[in-house]
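Each remark here refers to the structure printed beneath this line.
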Amino acid sequence: MNLRDRRTAGRSLTVAALLVAAAGFAVQMAAGVTDTPTIPPGLVAILAAAALVAFLPGRGAPVAGPIAGVFNLVAFAVVSAADRLYEPSPASAFVGAWFMVVALVVATVAGSVATVRNYRPRPAAGH
């Protein structure tokens with residue numbers, strides 16, 4: 001696997017994780033356990049980051065994943081939503097919260113790794 005393939009895989013993993021996180025967020029909203037505005041900023045940040053990583057050219061695009069991931073993880077803690085991770089009722093909120101948190105961690109790590117790899121010097125041709 002060459003360096004370009006790994007960068008593409010890192011971006012793809014970041015986008016996929018952000019989309020899973022958005023689904024987890026939406027499941028929690030549908031379960032009625034969130035007190036979010038009509039247009040929830042956390043969900044908008046996740047979806048916007050996924051679009052930026054997927055469609056924005058450039059080496060720095062994957063950094064949108066960690067930014068959205070950290071933003072939403074901090075918000076999750078600040079609004080005292082962590083109880084959804086250990087309170088299994090309603091089950092949909094419990095599952096949605098776990099999917100969202102795990103996916104945000106994956107997006108944060110994958111986006112960080114992809115960005116760092118994108119800025120590493122490329123090996124000379126033939127080496």
Give every donor-acceptor pair under 3.5 Å between a side-chain atom in residues 13-20 and any protein atom, sequence neighbours left out.
unit_1	atom_1	unit_2	atom_2	d
T14	OG1	G10	O	2.7
T14	OG1	G111	N	3.1

TODO: Taking all non-hydrogen atoms of both residues into account, name the closest pair between A49 and G65 and its distance.
DONE: CB-N, 4.5 Å
Name the atoms and distances for all side-chain donor-acceptor pairs under 3.5 Å in residues 56-63, with sequence neighbours left out.
none

Task: With sequence neighbours excluded, residues passing side-chain contact (heavy atoms from CB on, under 4.5 Å) with P41 - done: P37
TODO: Please examine the side chains of F25 and N72, heavy atoms only from C-beta on, and report whether any two atoms are closer than 4.5 Å.
DONE: yes
Open item on the list: Quick check: is V33 connected to V95 through a chain of hydrophobic side chains (ILVMFWY, heavy atoms under 4.5 Å apart)?
Closed with: no
Task: Results of side-chain contact (heavy atoms from CB on, under 4.5 Å) for V78 - residues two or more places apart only - done: V74
Task: Residue pair A21 / A103: nearest heavy atoms and the distance that separates them - done: N-CB, 3.5 Å
Open item on the list: Please determine whether residues L73 and L43 belong to a single hydrophobic cluster, defined as Ile, Leu, Val, Met, Phe, Trp and Tyr linked transitively by side-chain heavy-atom distances below 4.5 Å.
Closed with: yes
Open item on the list: To the nearest 0.5 Å, what is the distance between CG on L104 and CZ on F99?
Closed with: 13.0 Å
Open item on the list: Which residues end up grouped with F55 if you chain together Ile, Leu, Val, Met, Phe, Trp and Tyr wherever their side-chain heavy atoms are less than 4.5 Å apart?
Closed with: none
TODO: Give the other cluster members for I39, using side-chain heavy-atom distances under 4.5 Å between Ile, Leu, Val, Met, Phe, Trp and Tyr residues; answer none if it is isolated.
DONE: V44
TODO: Considering only Ile, Leu, Val, Met, Phe, Trp and Tyr, and joining two whenever side-chain heavy atoms are under 4.5 Å apart, list the other residues clustered with V116.
DONE: none
Task: Within-4.5 Å side-chain heavy-atom neighbours: T108 and V70 - done: yes
Task: side-chain contact (heavy atoms from CB on, under 4.5 Å) involving T34 - partner list, sequence neighbours excluded - done: Q28, M29, T36, R84
Task: Joint cluster assignment, L85 & I46, ILVMFWY side-chain distance < 4.5 Å - done: yes
Open item on the list: Please check this pair: side chain of R11 against backbone of V53, looking for a donor-acceptor N/O pair closer than 3.5 Å.
Closed with: yes
Open item on the list: Check for me, please, whether F76 and L47 land in the same ILVMFWY cluster - side-chain distances under 4.5 Å, paths through other members count.
Closed with: yes
TODO: List in chain and number order the residues that pass side-chain contact (heavy atoms from CB on, under 4.5 Å) with F94, two or more places apart in sequence or in another chain; answer none if no residue qualifies.
DONE: P88, W98
